Amino acid sequence: MVLKIAQITDTHLFADRKTAMRGLVTWDSLGTVVAEVQAWNPDILLLTGDLAHRGEPQAYQHLIERIAPLHLPTYYIPGNHDELDILNQQFQNSPFLGDKVLQRQGWQVLLLDSTLATAQSGEGYLSEAQLEALEQSLTACSKPTVLVLHHHPVPMGIDWLDTIGVQNNQAFLDYLTRFPQVKLVLFGHVHLEFEEQYQGIQFYGTPSTCKQVLRDGASEQEAYPGFRGLRLFEDGTYQTEVIRSYPR
Ligand SMILES: [Fe+2]
């Protein structure tokens with residue numbers, strides 16, 4: 001048996017569906033990604049922040065409309081662009097589930113809120129409350145674990161981007177060394193595909209469903225919208241891949 005999780009991130013929707021962000025209409029590009037998610041046929045959907053660019057209620061309604069055809073149990077965390085109160089209000093009903101701790105298929109999946117109310121330019125932070133909740137979950141359950149947050153807790157090697165990651169990332173990384181069951185960490189925010197191992201944990205950045213951040217020398221394909229697929233197997237192993245939607 002396998003649990004298939006799709007991670008959709010940084011949809012940056014607007015109240016007006018026709019609004020473009022850096023030249024791309026985010027409603028349209030999300031539609032192409034949702035079609036790919038549907039074809040991939042996951043069991044669960046994770047939405048990992050920056051769902052609405054300006055936090056408008058209508059933007060969240062547009063997101064609900066876009067993902068409705070998937071009929072998937074949907075879990076979510078906010079990003080720096082979201083308005084948490086509005087998001088929570090809009091996501092009260094099916095298919096949304098408010099749980100931040102999931103135990104399925106011999107695995108534990110923990111969703112963390114890395115947003116910082118006083119952020120100046122979109123940077124993140126893991127509060128004492130978030131770390132305490134994490135500690136409780138990891139102490140209570142030693143199953144292989146996936147951590148999910150919006151901001152990147154490891155450097156991307158891109159100067160401006162690395163000023164807006166998790167500000168207390170070193171404390172977080174040191175803390176994780178106490179919990180060897182943590183196998184992988186998923187994040188969004190960076191708008192690019194990323195993979196790196198640090199202290200025995202795999203860190204995965206997932207492209208946005210809209211505009212990407214391109215490194216020097218990036219391929220044409222790296223500019224395309226995408227999502228991450230993650231397969232969790234009962235024996236504690238996993239596979240993950242980024243699936244892009246290609247322009248038609
Ligand atoms: Fe973000």
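Atoms considered below: every heavy atom in the structure, side chains included; atoms not considered: hydrogens, waters and symmetry mates. Worth saying up front: this structure is predicted, and the values here are computed from it rather than measured. Both ligands and their constituent atoms are indexed starting at 1 by order of listing. The chain is numbered in sequence order, starting from 1.
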With a cut-off of 2.8 Å, strictly less than, protein N/O/S atoms near the Fe ion (ligand 1) add up to 4

* What class does the angle between the rings of H53 and F14 fall in, given that below 30° is parallel, 30 to 60° is tilted and above 60° is perpendicular? -> tilted

* If the plane angle is over 60° it's perpendicular, under 30° parallel, otherwise tilted; pick one for F96 and Y76. => perpendicular

Sorted by chain and number, sequence neighbours left out, salt bridge (charged side-chain N to carboxylate O under 4.0 Å, His left out) with R104 holds for none

Those residues at least two apart in sequence (or on a different chain) that pass salt bridge (charged side-chain N to carboxylate O under 4.0 Å, His left out) with R244 are E193

Residues pairing under salt bridge (charged side-chain N to carboxylate O under 4.0 Å, His left out) where one sits in residues 77-90, two or more places apart or in two chains, turn out to be none

Of all heavy-atom pairs linking F194 and R228, the shortest is O-NH2, 3.8 Å

